[in-house]
Every structure is written in C-alpha cells, then in structure tokens.
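Take a look at the structure below.
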Amino acid sequence: MRPATRRRSPRDPPPSASATALTVPQVYETLLPSVVFIQATGGSSDVARGATAEAATGTGVVVNADGTVLTALHVVQGATAIQVTFADGTRSAAEVATAEAADDIATLTVSKLPAVVVPAVLGGAGLGVGDAVVAVGNQLGLRNSTTAGVGSGLDRSVGRGRTADLTGLIQFDAAVNPGSSGGPLINTRGEVVGVIVALANPTDAGTFIGIGFAVPIGTALGGDGPGDGPALPL
C-alpha cells in the first residue's frame, strides 16, 4: 500500500459504495485502509461463543473522518488502556466513547490520527440469505486476514451465559476466529453490513466450525433493524 501523504479534508467527497459487485480482492483492498487492530490492557478477552480467546486483541473499523472506530464492546470492556493501530502503522491511544451492552457494540475515540483517514462505507440494507459476504480482521493474531462466504441466516440469537442473549444477528460462514471480534462484515458493494461479535462452537476449542455472527450495521448504529441506521452519536 502506498504511504499516506495527507489527512482527508472535510471537503473531500465521502467514500461511496460500488455500483457493481466487487471481487473478494477488491473488497479487501477497499476496506483495508479502514480496518484497525485493537489491543486492550486489563479488559475482557476476545470472547467467541463457547470459548475464551487470546486476551485483549480484536478488530475495529473506522466509521467517521474524525477517526471514530466501531468495534465489539467485549473487546475493550473494562480495559485500563486501549491502543489502536491503523492500516498505515499509526498507533494511538483510544478511549471508549459510547457503549451499548445489549448489542455488544462500542465506539472508540483516538488521540492520534493517521495522515489519511479513510472511513468505511456503512450500509447493507437488503442483505439476504445466500448473499456473498467478506470478513476482514485480525484473527488469531494474523493481521488483516480476509475470508469470504455467504450470509447463512438472519435474526439469529446467541446466548451469553448470565448476560441477556444477543438477538437479531446475521449468521454467516466466512471464517472468523478469536481476534476477529469487532471487525467488519462486508457485502460485495464494499459496504459494512455488520460488526462481527461471535462464533458458534459446541466444544471448548473456541475455533471456527462454519458459523459466525454479526450485529447488523443498522442495529450497531442505533437502529432497530438490519438496514441503514441513524448517524452515529459522534
């Protein structure tokens, strides 16, 4: 990737989704500048359904020109320190700006921005079962990993032990593992359609067996359904 040379100006045109279907490599190249690596100290482990993952690592996606990061709450919950690494290598301290425990969603504010901030395109109304999806994240410590699959089901629920179930989730079969939590689930137009929060495994292994779950982007943004939601409270 070419080195960044300047920060995005508020007068620059906002990023837009592709009018035609992109290939998986094209989706990856489109989203990579917006994906961040999160390290949290003293907080929760990156928990996938049925197992405890490597502690204090996860993924996030930049959703605003001010560098706001959208992620899964359990990645940063209770952390005493949070560090975000942007795609160009810029590292910054971060703090939780908003948290929605019922949906396992959080936003982070950062203290240092990269030279160029590239927010992801958010959207995805109309995602259907069988539609192609792509996941980008930092699973098992393998930075910027990309996998592809399809939406396998809608309106799924996932138990969280003593905490109320997560509901209204997108089920998908693109491979995800510990470290993927908080990362974007993307459609073939390059739009973020969900935030990855869990995987299902009936054993204690905590590894992927074909079922992942994401909070629909509309819900993550404060809406009630799987489509576009209202603006983030930034």
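Closest approach of Leu32 and Ala87 over heavy atoms only: O-CB, 3.4 Å. Across all non-hydrogen atoms, the minimal contact from Val197 to His74 is O-CE1, 3.3 Å. Minimum interatomic distance between Val129 and Ser152 (heavy atoms only, all atoms of both residues): CG1-O, 3.8 Å. Listed here is the closest heavy atom pair of Asp103 and Leu166: C-CD2, 3.7 Å. The heavy-atom pair separating Thr188 from Val27 by the smallest distance is CA-CG2, 4.2 Å. Of all heavy-atom pairs spanning Ala40 and Val75, the tightest one is CB-O, 3.5 Å.
Among the candidates Thr57, Asn144, Val84, the single residue satisfying the side-chain contact (heavy atoms from CB on, under 4.5 Å) test with Phe37 is Thr57.
Hydrophobic clustering of Ile, Leu, Val, Met, Phe, Trp and Tyr side chains at less than 4.5 Å, counting indirect connections, keeps Leu142 apart from Val176.
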**OP:** Could you walk me through whether Val117 and Phe86 pass the side-chain contact (heavy atoms from CB on, under 4.5 Å) test, one step at a time?
**Re:** CA-CA 9 Å; Val117 178; Phe86 291 90; 5.9 Å; no
**OP:** Determine, step by step, whether Thr90 and Leu113 satisfy the side-chain contact (heavy atoms from CB on, under 4.5 Å) criterion, reporting the C-alpha distance in whole Å, the side-chain angles of both residues, the deciding distance to 0.1 Å, and the verdict.
**Re:** CA-CA 7 Å; Thr90 300; Leu113 293 174; over 6 Å; no
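In this structure, the side chain of Thr147 engages the main chain of Ala175 through a donor-acceptor pair within 3.5 Å. Without hydrogens or angle criteria, Thr167 side chain to Ser157 main chain gives no donor-acceptor distance under 3.5 Å. Looking only at distances, no side-chain donor or acceptor of Ser111 sits under 3.5 Å from a matching main-chain atom of Ser92. Distance alone, capped at 3.5 Å, places no donor-acceptor pair between the Asp173 side chain and the Gly210 backbone.
Residues Val62 and Val118 have side chains not in contact (no heavy-atom distance under 4.5 Å, counting atoms from C-beta outward). For the pair Val192/Val121, no side-chain contact is recorded, criterion being any heavy-atom separation below 4.5 Å from C-beta on. The shortest distance between side-chain heavy atoms of Val134 and Thr146 falls below 4.5 Å. Inter-residue side-chain proximity for Leu70 and Thr107 is flagged as met; some heavy-atom pair is nearer than 4.5 Å.
Going from atom CZ of Arg189 over to atom OG1 of Thr20 covers 9.0 Å, rounded to the nearest 0.5 Å. Taking CD of Glu100 as the reference point, atom OG1 of Thr219 lies at 10.0 Å (rounded to 0.5 Å). Residue Leu199 holds its CG atom at 8.5 Å from CD1 of Ile209, rounded to the nearest 0.5 Å. Separating the CD1 atom in Ile186 from the CD atom in Glu191 is a distance of 11.0 Å, to the nearest 0.5 Å. Taking OG1 from Thr98 and CG from Leu73, the interatomic distance works out to 9.0 Å, rounded to the nearest 0.5 Å. If you take CD1 on Ile217 and CG on Leu127, they are separated by 12.0 Å, rounding to the nearest 0.5 Å.
Remark: Gln26 engages Thr23 in a side-chain hydrogen bond (donor to acceptor under 3.5 Å, both in side chains) (not counting sequence neighbours).
A donor atom on one side chain and an acceptor atom on the other are not found under 3.5 Å apart for Thr41 and Thr80.
A side chain to side chain donor-acceptor pair (under 3.5 Å) check over residues 127-139, counting only residues at least two apart or in different chains, returns the pairs Thr59-Asn138, Gln139-Asn177.
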